[in-house]
Amino acid sequence: FPSHDSRPWVGDTFHMAIARINAPLTLLVAGALVACTAPFAHAEPVRVFPIEATKGCAVTFARFHHDYPATDILTKKGCAFLAPIDGVVNEVSRRDRWSGKSNHGADRGGLFVSIIGVDGVRYYGSHLMEVAEGIDAGVEVRAGEVLGKVGTTGSARGTSPHLHFGCIVTGKQIGRASCRERVCRYV
């Protein structure tokens with residue numbers, strides 16, 4: 001490639017532009033826009049721990065969990081639940097529908113938010129006392145953005161405040177240790 005720059009991919013006739021996360025790569029080659037479907041190397045997505053890192057919001061992990069892989073992150077009521085990665089809000093529940101009489105799995109979480117991260121993983125946080133203003137299905141969020149506040153809704157009524165946190169890849173839940181590792185290594 002002819003170039004006045006020492007890097008061969010930068011020059012008068014070869015410029016890259018990425019319109020948005022997960023958008024196809026578009027190249028400007030000899031004055032014409034060309035879509036490129038071959039993936040280029042990219043950086044690991046930015047990840048943050050899903051509970052705000054303030055002195056008043058220290059966390060511990062519950063030792064056990066009931067019938068499926070997830071982790072309970074215990075902290076003070078009202079601590080912020082943060083988007084662990086850039087993504088798009090998938091589901092939101094602002095109403096606590098849980099009843100101990102029926103104990104439907106879909107209602108256990110009480111108030112919750114789930115996002116689909118740029119890595120394709122669905123991240124889920126429940127038992128919130130409130131969902132943040134403006135957080136609705138289809139909204140893009142950035143890693144570290146407040147999604148809600150930790151509480152005790154759903155089947156967590158009468159327990160210590162905690163965030164029930166799960167990770168799901170293409171319909172299969174990631175094991176508790178892997179999900180925890182996925183976020184804990186970024187603390």
Within one Ile-Leu-Val-Met-Phe-Trp-Tyr cluster: F81 and F49, side-chain cutoff 4.5 Å: yes

Residues that V146 engages under side-chain contact (heavy atoms from CB on, under 4.5 Å), provided they are two or more places apart: A80, L82, A132

Contact summary for I115 and A83, nearest pair of heavy atoms: CD1-CB, 4.3 Å

Test side chain to side chain donor-acceptor pair (under 3.5 Å) applied to E91 - qualifying residues, sequence neighbours left out: R122

With H127 via ring-ring contact (aromatic ring centres under 6.0 Å, His included) - residues at least two apart: H162, H164

G109 to S126 - nearest heavy-atom pair and separation: O-CB, 3.4 Å

Qualifying disulfide bond (SG atoms under 2.5 Å apart) pairs with a residue from residues 74-152, counting only residues at least two apart or across chains: C57-C79

Side chain to side chain donor-acceptor pair (under 3.5 Å) involving D136 - partner list, sequence neighbours excluded: R94

Same apolar cluster (I L V M F W Y, side chains within < 4.5 Å links), Y123/V46: no

Residues which pass side chain to side chain donor-acceptor pair (under 3.5 Å) with R95, listed by chain and number, not counting sequence neighbours: none

Nearest-0.5 Å distance, CE of residue M129 to NZ of residue K149: 6.5 Å

Minimum heavy-atom distance between F112 and V131, given as atom pair plus value: O-CG2, 4.1 Å

Under 3.5 Å: donor-acceptor pair, side chain of T153, backbone of L128: yes

L111 side, atom CG; T152 side, atom OG1 - distance, nearest 0.5 Å: 10.5 Å

Nearest heavy atoms of V113 and L147, plus distance in Å: CG2-O, 3.9 Å

Stepwise side-chain contact (heavy atoms from CB on, under 4.5 Å) test for F61 and D72: CA-CA 6 Å; F61 291 91; D72 286 338; over 6 Å; no

For G110 against S93, the heavy-atom pair lying closest together: O-OG, 3.5 Å

D96 (side chain) donor-acceptor with G154 (main chain) under 3.5 angstrom: yes

Residue pairs passing the disulfide bond (SG atoms under 2.5 Å apart) test where at least one lies in residues 106-166, sequence neighbours excluded: none

Short side-chain to backbone donor-acceptor contact, R157 and G100, under 3.5 Å: no

Separation of L74 CG from T60 OG1 (nearest 0.5 Å): 4.5 Å

Qualifying residue for side-chain contact (heavy atoms from CB on, under 4.5 Å) with T75, from L163, I51, T54: I51

Contacts of E145 that satisfy side-chain contact (heavy atoms from CB on, under 4.5 Å) - sequence neighbours left out: I135, V141, R142

Rounded distance (nearest 0.5 Å) linking atom OH of Y124 with atom CG of N90: 11.0 Å

Atom of V118, atom of P45 and distance for their closest heavy-atom approach: CG2-CB, 3.7 Å

